[in-house]
Amino acid sequence: MLISKLLIGMSFLSKSCWAGLILTLLFFAADKMVRKKSRRGEDYILVFIMFVYFITLLMITGVFAPWSLQNAHNFQLILFRDFNGTYFLLNILVFLPMGILLPALFQKDGKFRRKYIVFGFMGSMGIEVIQFLFTGRLADIDDVAANTIGCFIGYLVFWSIKKYWNIRKIRLPGYGTYGFCLSLLGYVFGIPYRLGLCLGDMLLVQWGVPIWSGNQGGALSFQGIHY
């Protein structure tokens, strides 16, 4: 179950990269017209990652599924009544990046700020309400708890690193660091994983390009293009 969920999440991630790139370019153009002082180039990398993350999150949670008021309205408001450890862990992991990305983009000091955790809680509540009203999925209080915990853990990671930077007076990462991280990410997208899954090739599939890693059938074909 865990592997299948991760594979579905990876397929959503591959689709989100294109939309995230387009939104980042639009954000860059609007930002250049509105702001007198330009942002650092590294900030736009974070903006791209944030767009990709949020689009992937909305796809995973079914918010982008067709909406209808005729769907069954299912809910579960008793905490841990039907507890599933694997599902709970996945919900923690899904919201963990939110606790890192938002303050990384907007918070410049090392103070502990609760608003990012509150945002994670409200974001999770909003998703559950949409699932209940429009998508026919189960609105579960356990999901809200797990999502909030995930956002809190992510923010603790950010806050700890930021506090360490401030104490040690370490310079913020520059283009070299971001370039190295993006290179590693590029390699991750190019390596075939279990069942021949390759994230980079899945990007090419969105354009109908024949791919080498054989994601469609799950076996390496050694024909077509490889990311």
Side-chain angles (χ1 to χ4, degrees), residues 5-6 8-9 12-13 15-17 19-28 30-31 34-35 39-40 42-65 67 75-80 87-135 137-166 172-173 178 181 185:
K5 292 289 185 182
L6 290 175
I8 293 173
F12 289 150
L13 176 63
K15 297 176 182 178
S16 301
C17 286
L21 178 60
I22 294 173
L23 289 175
T24 303
L25 293 174
L26 292 175
F27 177 86
F28 174 80
D31 201 42
V34 173
R35 288 174 61 94
R39 295 177 187 268
R40 298 182 308 158
E42 301 94 305
D43 289 339
Y44 293 110
I45 298 176
L46 286 176
V47 168
F48 168 70
I49 295 173
M50 187 180 69
F51 276 136
V52 170
Y53 165 71
F54 276 111
I55 294 171
T56 303
L57 175 65
L58 295 178
M59 294 177 71
I60 289 175
T61 54
V63 174
F64 283 160
W67 287 15
F75 62 91
Q76 201 288 102
L77 299 179
I78 302 176
L79 194 63
F80 303 139
Y87 192 68
F88 195 82
L89 176 61
L90 287 172
N91 275 289
I92 289 177
L93 295 177
V94 162
F95 262 66
L96 193 148
M98 183 183 294
I100 299 175
L101 290 174
L102 287 178
L105 191 60
F106 297 110
Q107 183 173 334
K108 303 305 180 183
D109 57 47
K111 295 182 180 179
F112 189 89
R113 301 188 181 277
R114 298 183 181 88
K115 64 180 180 180
Y116 296 106
I117 303 169
V118 174
F119 184 88
F121 170 76
M122 297 301 296
S124 178
M125 284 290 295
I127 290 173
E128 295 301 315
V129 169
I130 291 174
Q131 289 178 340
F132 172 73
L133 292 177
F134 304 112
T135 68
R137 298 180 63 168
L138 174 67
D140 195 338
I141 190 65
D142 288 359
D143 292 354
V144 177
N147 294 159
T148 306
I149 291 172
C151 189
F152 175 69
I153 294 174
Y155 184 69
L156 281 181
V157 172
F158 167 83
W159 175 74
S160 300
I161 295 174
K162 189 72 172 180
K163 188 175 182 180
Y164 178 81
W165 274 344
N166 289 345
L172 293 175
Y178 280 100
C181 293
L185 183 63

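The analysis underlying the following values was restricted to heavy atoms, covering all of them including side chains, and did not include hydrogens, waters or symmetry mates. Small disclaimer: the values here were computed from a predicted structure and weren't measured.
Taking OH of Tyr44 as the reference point, atom CG of Leu105 lies at 10.5 Å (rounded to 0.5 Å). The distance from the CD1 atom of Ile117 to the CD1 atom of Ile153 is 10.5 Å, given to the nearest 0.5 Å. Of the inter-residue distances, the one linking Ser16 atom OG with Phe51 atom CZ reads 12.5 Å to the nearest 0.5 angstrom. The CG atom of Leu90 lies 10.5 Å from the CG atom of Asp143; values are rounded to the nearest 0.5 Å. Rounding to the nearest 0.5 Å gives a distance of 10.5 Å between CD1 of Ile45 and OG1 of Thr24. The distance from the CG atom of Leu26 to the CD1 atom of Ile22 is 7.5 Å, given to the nearest 0.5 Å.
Between Tyr116 and Phe106, a ring centre-to-centre spacing not shorter than 6.0 Å is recorded.
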query = Hey, mind stepping through Leu57 and Val94 against side chain to side chain contact (heavy atoms under 4.5 Å, CB included) and telling me if it holds?
reply = CA-CA 7 Å; Leu57 175 65; Val94 162; 3.1 Å; yes

key: Evaluation steps, side chain to side chain contact (heavy atoms under 4.5 Å, CB included), between Leu138 and Gln131   = CA-CA 7 Å; Leu138 174 67; Gln131 289 178 340; over 6 Å; no

query = Hey, mind stepping through Ile55 and Phe64 against side chain to side chain contact (heavy atoms under 4.5 Å, CB included) and telling me if it holds?
reply = CA-CA 9 Å; Ile55 294 171; Phe64 283 160; 4.0 Å; yes

key: Evaluation steps, side chain to side chain contact (heavy atoms under 4.5 Å, CB included), between Leu102 and Tyr53   = CA-CA 11 Å; Leu102 287 178; Tyr53 165 71; over 6 Å; no

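Proximity of a side-chain donor or acceptor of Ser124 to a complementary backbone N or O of Gly120 within less than 3.5 Å is not detected. For Asn91 (side chain) and Asn147 (main-chain N/O), no donor-acceptor pair under 3.5 Å exists by modelled atom type. A donor-acceptor pair under 3.5 Å is absent between the side-chain atoms of Gln76 and the main chain of Ile141, judged by distance alone.
A heavy-atom distance below 4.5 Å is not found between the side chains of Phe152 and Phe95. In this structure, the side chains of Glu128 and Phe132 stay at 4.5 Å or more apart for every pair of heavy atoms. No side-chain heavy atom of Tyr87 sits under 4.5 Å from any side-chain heavy atom of Asp142. The shortest side-chain heavy-atom distance between Met98 and Phe119 falls under the 4.5 Å cut-off. With a 4.5 Å cut-off on side-chain heavy atoms, Ile149 and Phe88 count as touching. Put simply, the side chain of Thr135 does not reach to within 4.5 Å of the side chain of Val63, judged on heavy atoms.
The only member of Lys115, Gln107, Arg113 that meets side chain to side chain donor-acceptor pair (under 3.5 Å) when paired with Tyr155 is Gln107.
Of all the heavy atoms in Ile100 and Phe158, the pair that sits closest is O-CD1, 4.1 Å. Taking all atoms of both residues into account, the shortest heavy-atom contact from Leu79 to Ala145 is CD1-CB, 3.9 Å.
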